[in-house]
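Order of the sequence lines fixes the chain letters, A, B, ..., with proteins taken first and strands second; residue numbering starts at 1 for each chain. Both backbone and side-chain heavy atoms feed into the values below; hydrogens, waters and symmetry mates do not.
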Number of protein chains: 2
Amino acid sequence: MDADKVFKALGDPTRRRLLDLLCEQNGQTLGQLCEHLDMARQSATQHLDLLEAANLVSTVKRGREKLHFINPVPLHEVYERWVRKFERQRLSLLHDLKQELEGEDQ
Amino acid sequence: MDADKVFKALGDPTRRRLLDLLCEQNGQTLGQLCEHLDMARQSATQHLDLLEAANLVSTVKRGREKLHFINPVPLHEVYERWVRKFERQRLSLLHDLKQELEGEDQ
DNA sequence: TTGACATGCAGGTATTTACCTGCATATTAT
DNA sequence: ATAATATGCAGGTAAATACCTGCATGTCAA
């Protein structure tokens with residue numbers, strides 16, 4: 001997994017919206033997805049290309065249509081390898097800050 | 001929580017590195033953090049400002065120093081409100097894709 | 001007090017990014 | 001066959017971004 005591509009892909013609201021749309025209904029065509037976006041089809045394609053490069057979306061051609069499927073695996077890996085590290089230390093990290101705010105010599 | 005700010009903040013490798021550094025040792029000064037980065041101090045400050053705007057980092061001034069504390073809460077909220085939605089549907093989403101790849105009429 | 005140190009502030013620039021338009025190609029339906 | 005449809009491809013532009021340099025301010029220590 002290329003963590004940088006995944007995070008960069010998630011860093012744009014349009015791309016998160018696309019993932020949301022695919023979560024509601026998986027396997028949508030480019031045209032279907034565009035109906036919900038206020039931008040040119042070609043712009044949406046560029047966003048979808050980035051999602052595909054990050055392996056967050058996989059596509060299948062069916063005739064003249066292109067179907068888009070969300071792939072939740074990279075999200076899971078991001079969580080497992082990156083977010084959980086902070087989760088584990090959550091309470092202690094907050095404790096550090098609280099101590100500092102209260103003054104360490106109390 | 002401003003999800004967009006959080007995702008944008010996480011979308012840069014330098015800022016993820018800063019969070020990593022704070023996870024290793026919380027409460028570091030700007031100078032300490034800069035020792036691990038290959039860029040001007042002022043550039044690091046800009047990254048830290050974005051992390052602070054996203055509420056991923058809180059700061060406390062101590063004399064002429066500025067201490068930085070990681071705040072794991074937004075990460076947790078991002079996970080809870082956003083990533084878990086996909087987690088929950090993980091298996092079924094993969095199933096959709098598998099079906100499509102195998103041909104739906106089989 | 002004065003010099004060293006830690007950080008803040010104000011631009012400036014080159015790259016990346018998020019859009020767009022115009023046209024080409026491939027598939028389906030009449 | 002031909003028209004309509006779905007998507008691909010190739011630039012072009014304006015804004016955002018990630019850097020930088022130079023200088024100012026505030027704090028500590030000798």
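The side chain of A:His47 places no N or O atom within less than 4.0 Å of a non-bridging phosphate oxygen (OP1 or OP2) of C:dT17. An OP1 or OP2 oxygen of C:dA29 is reached within less than 4.0 angstrom by no side-chain nitrogen or oxygen of A:Arg64. For A:Lys66 and D:dG8, the shortest distance from a side-chain N or O to OP1 or OP2 is below 4.0 Å.
When rounded to the nearest whole Å, the span between CG of A:Leu48 and P of D:dA6 equals 16 Å. In this structure, the NZ atom of A:Lys61 is 8 Å from the P atom of D:dT7, given to the nearest Å. The distance between atom CG of A:Leu50 and atom P of C:dT16, rounded to the nearest whole Å, is 14 Å.
Distances were taken from every side-chain heavy atom of B:Glu65 (C-beta onward) to each of C:dT7, C:dT17, C:dC19; the shortest belongs to C:dT7. Comparing D:dA18, C:dT7, D:dA6 by their nearest atom to the side chain of B:Asp12 picks out D:dA18. Side chain of A:Thr29, nearest nucleotide from C:dA18, D:dT7, C:dC20: D:dT7. Residue B:Ala40 has its side chain nearest to D:dC20 when only C:dA18, D:dG26, D:dC20 are considered.
Residues A:Gly63 and A:Ser43 both approach DNA chain C. Their nearest nucleotides, taken by heavy-atom distance, put A:Ser43 toward the 5′ side. Heavy-atom distances to DNA chain C give each of B:Arg41 and A:Arg41 a nearest nucleotide, and the one nearer the 5′ end belongs to B:Arg41. Ranked by how close their nearest DNA chain D nucleotide is to the 5' end, A:His68 and A:Lys8 are led by A:His68.
A distance-only check finds a donor-acceptor pair linking the side chain of B:Gln28 to the backbone of B:Leu21 [under 3.5 Å].
A donor and an acceptor atom, one from each side chain of A:Glu52 and A:Thr59, are located under 3.5 Å apart.
No hydrogens or angles were tested; on distance alone, nothing pairs the side chain of B:Gln42 with the base of D:dC19 as donor and acceptor under 3.5 Å.
The pair A:Lys8-B:Asp12 does not meet the salt-bridge criterion, since no charged nitrogen lies less than 4.0 angstrom from a carboxylate oxygen.
Using a 4.5 Å heavy-atom threshold, the side chains of A:Leu37 and A:Leu18 count as touching.
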